[in-house]
Amino acid sequence: MPYELYYWDGIQGRGEFVRLALEEAGADYIDITREPGRGTGAMFEIMESESEPQIPFAPPFLREGDLIIPHVANILFYLGPKLGLAPENEGLRHVANGLQLTITDFVAEVHDTHHPIDISLYYEDQKQEAKARSAAFIRQRIPKFLGYFERVLEQNPNGPDHMIGNALTYVDLSIFQVVEGLRYAFPKAMASREAEYPALFALHDAVAKRPNIVRYLASPRRLAFNEDGIFRHYPELDSAG
């Protein structure tokens with residue numbers, strides 16, 4: 001049976017980290033809310049169920065048979081070995097999970113640049129606060145996280161081609177998505193810092209050339225970035241730092 005992925009229709013969002021792994025592996029999956037006649041109603045049917053024993057708090061979540069797995073890092077920790085996208089060593093799988101959780105923390109901070117006060121408010125209701133938050137994010141948090149990921153690559157005993165081990169993992173795919181998203185949201189800031197992280201951007205470029213990823217990025221399954229997702233481009237929030 002195909003994997004079932006549940007996430008909001010119309011945005012890449014956090015679900016994209018899972019899609020990239022499924023697409024790279026050529027896995028059989030269904031993006032449920034994009035299916036004709038299904039939509040987000042199918043997702044809420046599970047989330048609001050009064051009988052489902054494994055109700056998830058929020059999307060994304062993955063369903064395989066009767067098993068429902070929530071949270072991006074948790075889903076990838078589950079899928080990685082099945083898809084050949086995790087280290088064979090069990091200990092290193094936990095290291096990979098730790099890296100993915102760090103990416104999760106970073107993505108949450110990206111979201112907060114345009115919604116620093118209240119996620120239930122529109123961006124337009126918190127523009128001044130978002131401008132201050134974004135300035136601090138560009139000045140402090142982008143170099144903090146990207147500098148860390150660069151060091152992880154440089155200190156990999158197997159060389160700087162992968163975040164962990166000597167083969168592609170879901171962490172590499174997630175790094176690709178982070179760089180893509182940051183370039184969309186903060187093009188000036190990223191252009192001014194690209195030379196500081198050569199290994200990180202080389203990894204991004206290598207992932208972008210993988211055959212299954214090339215096909216996915218050119219397909220209608222890959223939604224464009226937009227101002228409803230996590231990575232949003234508001235020119236007034238971007239600067240060279």
Side-chain angles (χ1 to χ4, degrees), residues 12 14 16-17 19-21 23-25 72-73 76 80 84-87 89 92-113 134-218 222 224-225 229-233 235 237-241:
Q12 293 182 18
R14 292 176 176 86
E16 195 67 11
F17 294 94
R19 289 190 199 101
L20 284 167
E23 292 282 348
E24 165 61 25
V72 171
L76 293 174
L85 291 172
N89 178 277
L92 289 182
R93 289 181 184 177
H94 288 276
V95 177
N97 186 47
L99 289 168
Q100 190 66 45
L101 287 166
T102 303
I103 291 170
T104 297
D105 290 343
F106 191 29
V107 170
E109 293 199 24
V110 172
H111 174 272
D112 288 349
T113 60
S134 295
F137 177 79
I138 290 169
R139 184 176 63 253
Q140 299 173 356
R141 306 307 284 172
I142 285 181
K144 182 78 170 180
F145 279 93
L146 296 193
Y148 167 71
F149 295 137
E150 181 77 8
R151 285 194 297 121
V152 170
L153 283 167
E154 290 176 345
Q155 294 172 211
N156 183 350
N158 294 283
D161 292 338
H162 300 290
M163 290 293 289
I164 185 168
N166 60 1
L168 184 84
T169 69
Y170 62 80
V171 182
D172 298 324
L173 299 170
S174 293
I175 287 292
F176 163 82
Q177 178 64 8
V178 166
V179 172
E180 283 285 290
L182 289 174
R183 280 177 164 173
Y184 172 78
F186 303 104
K188 292 180 183 178
M190 290 298 285
S192 70
R193 293 187 176 278
E194 188 165 335
E196 300 175 28
Y197 313 110
L200 198 62
F201 284 92
L203 173 59
H204 164 274
D205 295 347
V207 169
K209 295 175 182 176
R210 297 186 65 83
N212 282 358
I213 297 301
V214 169
R215 284 190 286 270
Y216 171 56
L217 296 179
R222 170 73 168 190
F225 288 106
I230 292 172
F231 296 99
R232 303 186 186 187
H233 177 57
L237 302 186
D238 187 22
S239 71

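All values derive from a computational prediction rather than experimental measurement.
Residues Ser192 and Ala189 approach most closely at OG-O, 2.8 Å, considering heavy atoms. The two residues Ile164 and Ala96 come nearest to each other via the heavy atoms CD1-N, 3.8 Å. Val179 and Phe201 make their closest contact through CG1-CE2, 3.7 Å (heavy atoms, listed as atom of the first residue, atom of the second, distance). Nearest heavy-atom pair across Ala21 and Leu85 is O-CD1, 3.5 Å. Heavy-atom minimum distance, Leu153 versus Leu203: CD2-CD2, 4.0 Å. Closest heavy-atom contact between Asn97 and Ala73: OD1-O, 3.6 Å.
With values rounded to the nearest 0.5 angstrom, Arg210 atom CZ is found 11.0 Å from Arg215 atom CZ. Here the CD atom belonging to Gln177 is positioned 10.0 Å from the CD1 atom belonging to Ile213, to the nearest 0.5 angstrom. Note that CZ of Arg141 and CZ of Phe106 are 8.5 Å apart. Values are rounded to the nearest 0.5 Å. To the nearest 0.5 Å, atom NE2 of residue His111 and atom CZ of residue Arg232 are 6.0 Å apart.
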List the steps and the verdict of side chain to side chain contact (heavy atoms under 4.5 Å, CB included) for Arg183 and Glu194. CA-CA 10 Å; Arg183 280 177 164 173; Glu194 188 165 335; 3.2 Å; yes
Given Arg19 and Glu16, is the salt bridge (charged side-chain N to carboxylate O under 4.0 Å, His left out) satisfied, shown in steps? CA-CA 5 Å; Arg19 289 190 199 101; Glu16 195 67 11; 2.6 Å; yes
For a side chain to side chain contact (heavy atoms under 4.5 Å, CB included) check, start with the C-alpha distance between Asn212 and Glu23, then their side-chain angles and the critical distance, and finish with the verdict. CA-CA 6 Å; Asn212 282 358; Glu23 292 282 348; 5.8 Å; no
So Leu168 and Val207, side chain to side chain contact (heavy atoms under 4.5 Å, CB included) or not? Walk me through it. CA-CA 9 Å; Leu168 184 84; Val207 169; 4.2 Å; yes
Given the rule in the side chain to side chain contact (heavy atoms under 4.5 Å, CB included) test, do Leu76 and Ser174 qualify, once you have shown the distances and angles that lead to the verdict? CA-CA 10 Å; Leu76 293 174; Ser174 293; 4.0 Å; yes
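For the pair Val107/Phe17, a side-chain contact is recorded, criterion being any heavy-atom separation below 4.5 Å from C-beta on. Under the 4.5 Å side-chain criterion, counting only non-hydrogen atoms from C-beta, Asn156 is not in contact with Val152. Between Glu154 and Pro160, the closest side-chain pair of non-hydrogen atoms is not below 4.5 Å. Looking only at side-chain heavy atoms (C-beta outward), Ile142 and Arg193 come within less than 4.5 Å of each other. In this structure, the side chains of Phe149 and Thr102 come closer than 4.5 Å at one or more pairs of heavy atoms. Looking at heavy atoms from C-beta onward, Tyr148 lies out of side-chain contact with Leu200 at the 4.5 angstrom threshold. Looking at Val110 and Phe145, their side chains never come closer than 4.5 Å, going by heavy atoms from C-beta outward.
At least one donor-acceptor pair under 3.5 Å links the side chain of Thr104 to the backbone N or O of Gln100. Using a distance-only test at 3.5 Å, with no hydrogens or angles considered, no donor-acceptor pair links the side chain of Asn166 to the main chain of Asn158. For Asp172 (side chain) and Thr169 (main-chain N/O), a donor-acceptor pair under 3.5 Å exists by modelled atom type.
For the ring pair (Phe, Tyr, Trp, His ring centres under 6.0 Å) condition, the pairs that include at least one residue of residues 152-187, sequence neighbours left out, are Phe137-Phe186, Phe176-His204, Tyr184-Phe225.
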